[in-house]
> 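Quick one: the structure is below, and I'll ask about it shortly.
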Number of protein chains: 2
Amino acid sequence: MSEPLDPMMFSGCGPVPLHIRFGNKWTGKILACLKTGRRRFSELQVPLRGITPKVLAESLRGLERDGFIKRTTYPGVPLRVEYELTPLGFSLLEPMEAWCKWAEEHLPEVQNIHEEATARSAV
Amino acid sequence: MSEPLDPMMFSGCGPVPLHIRFGNKWTGKILACLKTGRRRFSELQVPLRGITPKVLAESLRGLERDGFIKRTTYPGVPLRVEYELTPLGFSLLEPMEAWCKWAEEHLPEVQNIHEEATARSAV
DNA sequence: CAGTATCCCAGAGGATACTG
DNA sequence: CAGTATCCTCTGGGATACTG
């Protein structure tokens, strides 16, 4: 508890380490899309340009199973389903913002390094 | 800039989004092992239980290429090589600690949810 | 000591088509 | 509308063995 960032902490973040659970292409974006309120399946597909229905459905199932979002169905035709963040899901926004803050502060530096590396390998 | 966590930010985190760059099995652990000082290749293999030399070498080269660590060789026999965090590498510890903080605060809740899900699927 | 060289596999995720 | 069903590819990462 006194030593944050002990290597062991990374393997202690639940059944799947936290940074791996969210270290994929869509999970973080889905949560970000839900932070302003409930959204329907098709409403999520718009901002998440390029996601296929299969992958979106799989991702949503996983987030629901882990308690990060809640799924509500409204019977009727046409079918209506809405997804929203749970309090636990909202709490994830904080660590996610830490990454964004880092990116804002260090992105120019990172890009310089990347350009230099590209230039070197082009020689 | 006014809207942190805009979905677009995730795709703007460098050539590879930040959360994906560090959303793998070893990268974060390697940085954590280096936060207390320089380490040799074989010294890293000890805390990183189970990592193969191939994967460790690949990971270190990637971190070096991206400017997060610095590699120093000391000629002689036997060969001596040391790795250390750069200032940029150190700066990553902050967002990584945000994940650990989240885990500390929410892990019990996450585990409850996981156990309930396991119990449900066992019915 | 500090790595390379091969081979291999599971799973994330895309393309496409179909359905209650 | 809100998904499923198939099929396929690509790559992170492991096992094992070898080298300057």
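Each chain gets a letter, A, B and so on, in the order its sequence line appears, and its residues count up from 1.
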> Round to the nearest Å and state the distance from E43(A) atom CD to dC1(D) atom P.
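One finds 11 Å between P of dC1(D) and CD of E43(A), rounded.
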> Quick one: stems involving DNA chain C, counted as three or more successive Watson-Crick or G-U pairs, both distances short of 3.5 Å.
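Detected stem regions: C:1-20 with D:1-20.
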> Using heavy atoms and a sub-4.0 Å distance, could you list which residues of residues 60-71 of chain A are near DNA chain D? By number, please.
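Per residue number, the list reads R61(A), R71(A).
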> Return the value, rounded to whole Å, for the distance between atom CZ of R49(B) and atom P of dG14(D).
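One finds 15 Å between P of dG14(D) and CZ of R49(B), rounded.
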> Within the structure, does a side-chain N or O atom of R40(A) lie under 4.0 Å from either OP1 or OP2 of dA2(D)?
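So the side chain of R40(A) is within the cut-off, an N or O lying under 4.0 Å from OP1 or OP2 of dA2(D).
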> Sequence neighbours left out, what passes side-chain contact (heavy atoms from CB on, under 4.5 Å) with P53(A)? Give chain and number order.
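Checked P53(A) against side-chain contact (heavy atoms from CB on, under 4.5 Å); matches are F41(A), Q45(A).
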> OP1, OP2 of dC1(D) versus side-chain N and O of S42(A): anything below 4.0 Å?
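Checking S42(A) against dC1(D): no side-chain N or O falls below 4.0 Å of OP1 or OP2.
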> Which residue pairs satisfy the salt bridge (Lys or Arg N to Asp or Glu O under 4.0 Å) criterion with at least one member in residues 40-58 of chain B, sequence neighbours excluded?
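Checked against salt bridge (Lys or Arg N to Asp or Glu O under 4.0 Å) - neighbours excluded - the pairs reaching residues 40-58 of chain B are K54(B)-E58(B).
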> Would you call E105(B) and K101(B) a salt bridge, taking side-chain N to carboxylate O under 4.0 Å as the test?
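Yes, this pair counts.
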> In whole angstrom, what separates E82(B)'s CD from dA2(C)'s P?
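In whole Å, dA2(C) P and E82(B) CD are 9 Å from each other.
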> The criterion is side-chain contact (heavy atoms from CB on, under 4.5 Å); which residues satisfy it with T27(A), sequence neighbours excluded?
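Partners of T27(A) by the side-chain contact (heavy atoms from CB on, under 4.5 Å) criterion, ordered by chain and then number, come out as R21(A), F22(A), N24(A), L63(A).
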> Spell out protein contact along nucleotides 10-20 of chain C as letters: B when the base is contacted, S when just the sugar-phosphate is, - when no protein heavy atom is under 4.0 Å; keep the 5' to 3' order.
---BBB-----
> Would you say Y74(B) reaches dA2(C)'s phosphate, i.e. side-chain N/O to OP1/OP2 under 4.0 Å?
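No.
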